[in-house]
Amino acid sequence: ASTALRLSLARLLILEVRAGRSNHPDADLLEARELALAARDARRNWRGNSGEAAAIACEAANVAQDFAEAIRIGTVSDGGATVSEAAHAGVCKHVAIAAATTGNPQQAEQLINSIDDPYFGALLTGQIAEARGGDAEPHYRVALGHAGDDDQRRADALMALASTGASDIPGLDEFLHQYPEVHPEV
């Protein structure tokens with residue numbers, strides 16, 4: 001199959017898992033990662049742009065909560081990223097997420113300037129603040145403000161904000177009314 005087709009299928013599998021529509025999320029995320037890595041390797045063989053494929057593989061690993069694998073795929077090493085892949089904005093974003101989630105704020109901070117998405121920048125800055133024992137609430141409020149109409153981003157920002165013990169969370173009641181299944185998590 002073409003690399004574009006592999007990446008489209010990988011994205012679709014990740015989307016299905018994120019939306020809660022997958023009957024086999026672990027298997028689907030593993031397949032998404034394998035498809036993205038196969039596309040990455042094929043593009044490397046013909047010296048094509050493999051950064052996008054590496055970013056999708058890192059995303060699949062993060063969604064599967066295999067943060068060590070996301071860091072391995074996105075970091076320059078044998079079996080990991082090439083220099084150009086590691087510099088890809090999507091790879092930087094997903095490696096920074098994995099690093100912040102696993103309590104490595106130094107690595108996340110090094111990558112945060114490569115992220116041109118204000119939502120992810122604010123969310124990661126909040127995670128870094130938490131890892132250092134600081135106040136993450138203002139950063140998560142900024143992330144929520146940048147989440148827009150993206151329900152997944154809103155859910156992630158709301159859960160992060162709620163985890164700080166914050167009160168007066170804008171839009172929380174409306175979101176829980178729209179998605180009551182999320183209530184126990186928040």
Side-chain angles (χ1 to χ4, degrees), residues 1-19 22 25-132 139 142-143 146-148 150 152-153 156-157 160:
S2 75
T3 61
L5 185 58
R6 287 178 185 158
L7 294 180
S8 293
L9 181 54
R11 280 191 197 99
L12 180 61
L13 288 167
I14 293 168
L15 180 65
E16 290 296 303
V17 170
R18 283 187 184 272
S22 171
D26 294 337
D28 286 347
L29 291 170
L30 181 59
E31 183 178 359
R33 184 170 57 201
E34 290 172 350
L35 285 164
L37 291 173
R40 178 201 69 181
D41 294 345
R43 288 182 176 187
R44 281 180 180 177
N45 285 338
W46 47 268
R47 293 185 176 89
N49 181 350
S50 54
E52 174 190 19
I56 294 169
C58 288
E59 180 181 7
N62 275 346
V63 174
Q65 297 184 357
D66 190 350
F67 304 113
E69 181 68 1
I71 291 170
R72 188 195 67 75
I73 292 168
T75 303
V76 176
S77 66
D78 287 342
T82 64
V83 172
S84 64
E85 289 166 0
H88 186 277
V91 172
C92 290
K93 175 177 82 172
H94 291 293
V95 171
I97 290 167
T101 303
T102 58
N104 188 346
Q106 295 84 8
Q107 184 178 18
E109 263 182 342
Q110 290 172 350
L111 296 166
I112 206 163
N113 292 331
S114 304
I115 300 169
D116 61 357
D117 181 335
Y119 165 79
F120 276 112
L123 195 66
L124 288 171
T125 303
Q127 289 176 331
I128 291 167
E130 275 189 308
R132 293 197 166 135
H139 303 291
V142 170
H146 287 294
D150 184 316
Q152 183 64 52
R153 286 182 172 209
D156 291 344

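Sequential numbering from 1 along the given sequence is applied to the chain's residues. Worth saying up front: this structure is predicted, and the values here are computed from it rather than measured.
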Check [X] against [Y] and note the closest heavy-atom contact, atom names and distance.
X	Y	result
Ala36	Leu7	CA-CD2, 3.9 Å
Asn62	Ala70	OD1-CB, 3.2 Å
Cys58	Ile73	SG-CG2, 3.7 Å
Ile115	Gly121	CG2-N, 4.3 Å
Arg40	Ala54	CD-CB, 4.2 Å
Ala10	Ile56	CB-CG2, 3.8 Å

[X] [atom1] to [Y] [atom2] distance, which is reported to the nearest 0.5 Å:
X	Y	atom1	atom2	answer
Leu12	Ser22	CG	OG	10.5 Å
Glu59	Ile14	CD	CD1	4.5 Å
Lys93	Leu111	NZ	CG	13.0 Å
Asp156	Leu123	CG	CG	7.0 Å
Arg43	Thr3	CZ	OG1	3.5 Å

Any side-chain heavy-atom pair from [X] and [Y] closer than 4.5 angstrom?
X	Y	value
Asp66	Leu29	no
Ile71	Thr102	yes
Asn104	Phe67	no
Arg153	Phe120	yes
His139	Ile128	no
Arg6	Leu9	no

Do any side-chain atoms of residues 84-91 form donor-acceptor pairs under 3.5 angstrom with protein atoms, and if so which ones, sequence neighbours left out?
residue : atom : partner : partner atom : Å
Ser84   : OG   : Thr82   : OG1          : 3.3
Glu85   : OE1  : Arg44   : NH2          : 2.6
Glu85   : OE1  : Thr82   : N            : 3.0
Glu85   : OE2  : Arg44   : NE           : 2.8
Glu85   : OE2  : Arg44   : NH2          : 3.4
Glu85   : OE2  : Ser50   : OG           : 2.5
His88   : ND1  : Gly90   : N            : 2.9

Sidechain-backbone polar pair: Arg18 side chain, Val63 backbone, donor-acceptor under 3.5 Å: no

